[in-house]
Undergrad: 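I am attaching a structure below and will ask some questions about it afterwards.
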Amino acid sequence: MSEPRYLIPGATGDWEVVLGLEVHAQVLSTAKLFSGASTDFGAQPNSQVALLDAGLPGTLPVINRKCVEQAIRTGLGLKAQINEWSRFDRKNYFYPDLPLGYQISQFAHPIVGEGEIDVEVEEGEWIKVGIERLHLEQDAGKSIHDLDPASTYVDLNRAGVALMEIVSKPHMRSPAAAAAFVRTLREILRSLGTCGGDMEKGQMRADVNVSVCKPGQYEKFRETDDFSHLGTRCELKNLNSMRFIQQAIEYEARRQIEIIEDGGKVDQETRLFDTVKGETRSMRSKEEAHDYRYFPDPDLLPLVLDPAWIKEIQESLPELPNEKRERFEKDYGLSAYDAAVLTSDTDRGRYYEAVVETGADPKLAANWVNNELYGRLNKEDVDIADSPVSAAQIGGVIKLITDGTISSKAAKDVFEILWEKGGDPAEIVEREGLKQVSDTGELEAIVDKIIAENPEQAEQVKEKPKAMGWFVGQVMKASGGKANPQAVNEILRKKLGL
Amino acid sequence: MSVTKDEVRHIAHLARLRVSEDRLDTLASELNGILDWIEQLDEVDVEGVEAMTTAVESSLPMREDKVTAAGDRDAVLKNAPKSEEGFFVVPKAVE
């Protein structure tokens, strides 16, 4: 195993950080997990609440088949064990946005067991992150504390929406690795169509377990699976952006190291990240933490899955980002980097394949999508779905380059016009006179003229063949930038006797 | 198994039940009586017997993914002691 690159210097030497994540992902479904209320985001407060979601007596939960299917689909996408027998438990705690007084969750018997995903932390640097489990549970409502100094306002629209809690093993060892894990997981869920993945809308939220240890301890833990080799962990709750995940980990690791080096002990506790101050602070008083008194929910029978159904879902799984990346490298001859960038986002991969389908050269297509198109999209803050230049248009430009009609430089001008005004690439080339001159007779005449005008340079170039670049430049200039550089090179070499 | 007075106080708090101090001893002893009685089950040999999770021999019925609850806000808020602009309003509860 390679040395972790993330070392934190302390007074007693270097420290390492060990991270495990719990990601809450909202299930994409029309109705809630146990009620028939809508899951739409942004509705008027309490307008999407079934009586069950409000915890009113006389109501009973009935599970939504789609939510179960989505959990199975996600489990299969994480290459995880699907448990044909699982059960729902009540997790008891008291809070205004949880009107039942308990969350229906899965504690002892989750629907999905162990799996594993490949995560690229930095370019070309892959780690395997174990998945501990995935279980289904209800989301809570929303408490708003800033509308009134003495009261909390509660909106139960979100109460009862299905969540998948995906728990990783403590296999990440840097803030960047934790963020990369969340990013990879989000792409998997999005390709599977099981979660929207929008962190700003709260569709995905992460809790991070942070502990610190001395170099060598983590390896002992991996060998023995014995957690006593690691430090005491703190759980950082509800981080809703990649940036906050990294900032919170950095702060928390330093806090723990300071405590230990001052001779103290880290308390196992839940902490909140203050995004304004950039600090973590203790959330719940110790004696009440994790006293959830789980027990099997008597309102719900065990969830028993038909193996034929699991098989059916398996067969309908789409291609996952990592599989797509490998196929792009193999089928299109792309570099690992280009393939990774193109598959980092479902829409980008789809756009790229549409360009290739027009018959465009795959490598050129990768350059054009990643550099020209995305350079422009990012600069103007436009989403690829709203790109003013279509895949067919880019494909058209690339074909004009490969058949020698235009130079790469002229192609950029065509792209500019397509972005601003649209149109057909071939027609634009015609109209704007962007065709490059490949006609040998015409080019020879220019070359002859330049050699005749510069006899000294023509002599020098025989000693220093590298100086030919100067001639190429002159010919290009004389042709108004339209000469085919490849043809110019050939003619020059012939005429200069190189 | 033996429940202490402190544990009764703690459990009552978790369940948001107000129990006066002079009732704690009685409750502890009653709870211990119940637990002792249940503990008799430990005497039964259950070697090789699969745990029974339900008395009903069927699995969980499922519902289609359709919106069937109309979202009747007035009905939902009707029994709330206090509501305002569609929200439930409760005493300030910040962690």
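Per chain, numbering begins at 1; letters A, B, ... match sequence-line order.
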Undergrad: Using a 6.0 Å cut-off, check whether atom CD of A:Q44 has over 12 heavy atoms from anything other than its own residue.
TA: no
Undergrad: Rounded at 0.5 Å granularity, tell me how far OG in A:S143 sits from CZ in B:F87.
TA: 10.5 Å
Undergrad: Please find the pair of heavy atoms, one from A:T152 and one from B:A93, that lie closest to each other, and give the distance.
TA: OG1-N, 2.8 Å
Undergrad: Which atoms of A:A54 come close to chain B, meaning under 4.5 Å heavy atom to heavy atom: side chain ones, backbone ones, both, or neither?
TA: side chain
Undergrad: Does B:Q40 have more than 12 heavy atoms from other residues, nucleotides or ligands lying within 6.0 Å of its CD?
TA: yes
Undergrad: What part of A:I144 lies closer than 4.5 angstrom to a heavy atom of chain B: side chain, backbone, both or neither?
TA: side chain
Undergrad: Would you name the heavy atoms of B:P61 and A:V62 that are closest together and state the gap between them?
TA: O-CG1, 4.0 Å
Undergrad: At a 4.5 Å cut-off on heavy atoms, which part of A:P302 comes close to chain B: side chain, backbone, both, or neither?
TA: both
Undergrad: Would you name the heavy atoms of A:A50 and B:A69 that are closest together and state the gap between them?
TA: CB-CB, 3.7 Å
Undergrad: Give me the atom names and distance for the closest heavy-atom approach of B:R63 to A:F34.
TA: NH2-C, 3.4 Å
Undergrad: I'd like to know if the side chain of A:Y93 and the backbone of B:L14 have a donor-acceptor N/O pair within less than 3.5 Å.
TA: no
Undergrad: Verify the neighbour count for atom NZ of B:K92: are there more than 12 heavy atoms of other residues, nucleotides or ligands below 6.0 Å?
TA: yes
Undergrad: Side-chain contact test, heavy atoms from C-beta onward, threshold under 4.5 Å: evaluate it for A:D291 versus B:H10 and give yes or no.
TA: yes
Undergrad: Please state whether the side chain, the backbone, both or neither of A:P149 comes within less than 4.5 Å of a heavy atom of chain B.
TA: backbone
Undergrad: Could you measure the distance from the NZ atom of B:K82 to the OH atom of A:Y153? Nearest 0.5 Å is fine.
TA: 6.0 Å
Undergrad: Let me confirm one number: the CE-SG distance from B:M62 to A:C67, rounded to the nearest 0.5 Å.
TA: 10.5 Å
Undergrad: Closer than 3.5 angstrom, by distance alone: can the side chain of B:K66 be matched with the main-chain N or O of A:A31 as a donor-acceptor pair?
TA: no
Undergrad: Heavy-atom distance under 4.5 Å to chain B: side chain of A:N92, backbone, both or neither?
TA: neither
Undergrad: Is there a donor-acceptor pair closer than 3.5 Å between any side-chain N or O of A:K32 and the backbone N or O of B:V67?
TA: no
Undergrad: Examine distances only and state if a side-chain atom of A:S47 and a backbone atom of B:R73 form a donor-acceptor pair shorter than 3.5 Å.
TA: no
Undergrad: Any sub-3.5 Å donor-acceptor pair from A:R65's side-chain atoms to B:D65's backbone N or O?
TA: no
Undergrad: Could you tell me if the side chain of A:L51 sits less than 4.5 Å from the side chain of B:V76, heavy atoms only?
TA: yes
